[in-house]
Amino acid sequence: MKVNGIPTRTIWPIEHGQAVGIIDQTRLPFEFVKEECVDWRQLQNAIATMKVRGAPLIGISGAWAMVLAMKEDPRDEAVHAVRAEMIATRPTAADLQWGVDQIVTAVMHVEPKERFRVAYKKAEEITQANVLANRAIGTHGAKLIAEIYAKKRAPVNILTHCNAGWLATVDYGTALSPVYIAFEQGIPLHVWVDETRPRNQGLLTAWELEGAGVPYTVIADNAGGHIMQHREVDAVIVGADRVTAVGDVANKIGTYLKALAAKDMEVPFYVAVPSSSFDWSIHDGKHSIEIENRSGDELRKVRGRDKDGRVTEVQLIDPQVNVENPAFDVTPARLVTAFITERGVCAPEFLTRLYPEASRRFVR
Ligand code: MRU
């Protein structure tokens, strides 16, 4: 996507993998700042502190961290140690282990002196594949939006939670990709953007949509049910961090409540997801997916501009107050109308038909 007219991706190699460039997303939407990571620990820290975030981008960042690790020490013990540290960085998104293991699997077949070159090539390949997958998700999802428009003949209202736009991937996004493609096709639409406390990723979504010229309105997380009751939402589209073989979905905290309201109001609830976010080894999401608990300070403090326009952080909740900060929740498959994947759109019960290679790994 473009930032100030310049085509921009969220992650890029510098000097053939001597370093990796990222956007520091913790500074958005107030400041657009790029950063250069020269070793894998720096990229690991960027994942942990959410400078890079969003399941698909975490996966690709994990892969590039492994490339930087090969530069330092490509021997077996070192590769296994870095792998273990990397995948523990953020446990909920399936993509992190997927991305790290794409590199580990590729390099284990070759001599240590060849490993950096092989890792670099693989990382480039999966980075490009992510862009193509997201574009395909957009094309399939845009058809759903076009169908709604064909019936309604008025702007299509889509509600989204968190940020599953280009910032959460290498480019295009997952949940927002159908929005961008439908908008490119000239379909009139409008996006309700959940603020998404406590990290306010909705403000990243708003920043993206503003840049692309797509009409949107930011709402408090608690407003979605009311807006659905008043028939002002035609479809909910969210992303996913981990999807089980039966279609249970771990996604940003608050997604489950939106799915419940959508079910009650018979609003279609779509989950846009690339194959890297599936975990075919599990089925019961509620009991099998590890939910990342993040620091209570994310709830206690909030960043914004002060009256002089300076970006600052203020204490919203005093430090002695007990808080709990689960970062994700699980929406059961029964609340999901369909998945929008790079292979097409399908109801949860048909997922393993869409990914037949996965059914081999799934034991009921
Ligand atoms: O904690 P984050 O910001 O990394 O959260 C992940 C997400 O961006 C969302 O859960 C998103 O909806 C899925 S990732 C496309």
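For ligands, and for the atoms within them, numbers begin at 1 and follow the listed sequence. Please read all numbers here as calculations on a predicted model, not as lab measurements.
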Could you identify the single nearest non-hydrogen protein atom to [atom] and state the distance to 0.1 Å?
atom: atom 10 (O) of ligand 1; result: Asp241 OD2, 2.6 Å
atom: atom 7 (C) of ligand 1; result: Cys162 SG, 3.5 Å
atom: atom 14 (S) of ligand 1; result: Ala55 N, 3.3 Å
atom: atom 13 (C) of ligand 1; result: Asn251 OD1, 3.2 Å
atom: atom 5 (O) of ligand 1; result: Lys252 CE, 3.3 Å
atom: atom 3 (O) of ligand 1; result: Arg53 NE, 2.6 Å

| query | Are the side chain of Thr26 and the backbone of Asp24 linked by a donor-acceptor contact shorter than 3.5 Å? | reply |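 Not a single qualifying donor-acceptor pair exists.
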| field | With sequence neighbours excluded, residues passing side chain to side chain contact (heavy atoms under 4.5 Å, CB included) with Phe32 | value |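 Val3, Thr8, Ile23, Leu28, Lys34, Trp207.
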For ligand 1, is there an N or O atom under 3.5 Å from any N or O atom of [X]?
X: Gly54; value: yes
X: His161; value: no
X: Thr174; value: no

| field | Residue that, paired with Trp64, satisfies ring pair (Phe, Tyr, Trp, His ring centres under 6.0 Å) out of Trp12, Trp40, Tyr120 | value |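 Testing Trp64 for a ring pair (Phe, Tyr, Trp, His ring centres under 6.0 Å) against Trp12, Trp40, Tyr120 leaves exactly one candidate, Tyr120.
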| said: Determine whether Tyr355 and Trp280 satisfy the following criterion, ring pair (Phe, Tyr, Trp, His ring centres under 6.0 Å), listing intermediate values before the conclusion. | reply: CA-CA 10 Å; Tyr355 291 90; Trp280 303 109; 5.4 Å; yes
Test item, [X] contacting ligand 1 (heavy atom, 4.0 angstrom):
X: Arg90; result: yes
X: Val238; result: no
X: Ala327; result: no

Interfacing atoms of ligand 1 (cut-off 4.0 Å, heavy-atom, [X]):
X: Ala240; result: 13 (C), 14 (S)
X: Pro56; result: 14 (S), 15 (C)
X: Met50; result: 1 (O), 2 (P), 3 (O)
X: Gln201; result: 1 (O), 2 (P), 3 (O)

| message | Please tell me whether Thr92 and Glu290 have a donor and an acceptor in their side chains that are separated by less than 3.5 angstrom. | response |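 No.
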| query | Any luck finding a side-chain donor-acceptor pair between His190 and Thr217 under 3.5 Å? | reply |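 Distance-only check passes for His190 and Thr217.
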| query | Is the cationic atom of Lys252 (NZ for Lys, CZ for Arg) positioned less than 6.0 Å from the six-membered ring centroid of Phe328 and within 45 degrees of its normal? | reply |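 Because its charged atom sits under 6.0 Å from the ring centre and within 45° of the axis, Lys252 does stack over Phe328.
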| Salt bridge present between Asp329 and Lys286 (N-O < 4.0 angstrom) |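 Answer for the salt bridge query: no.
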| task | Answer yes or no: is there an ion pair linking Glu324 with Arg300, defined by an N-O contact shorter than 4.0 Å? | result |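 So Glu324 does not pair with Arg300 through a salt bridge.
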| message | Between Arg199 and Arg294, is there a side-chain heavy-atom distance shorter than 4.5 Å? | response |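 Arg294 vs Arg199: side chains touch.
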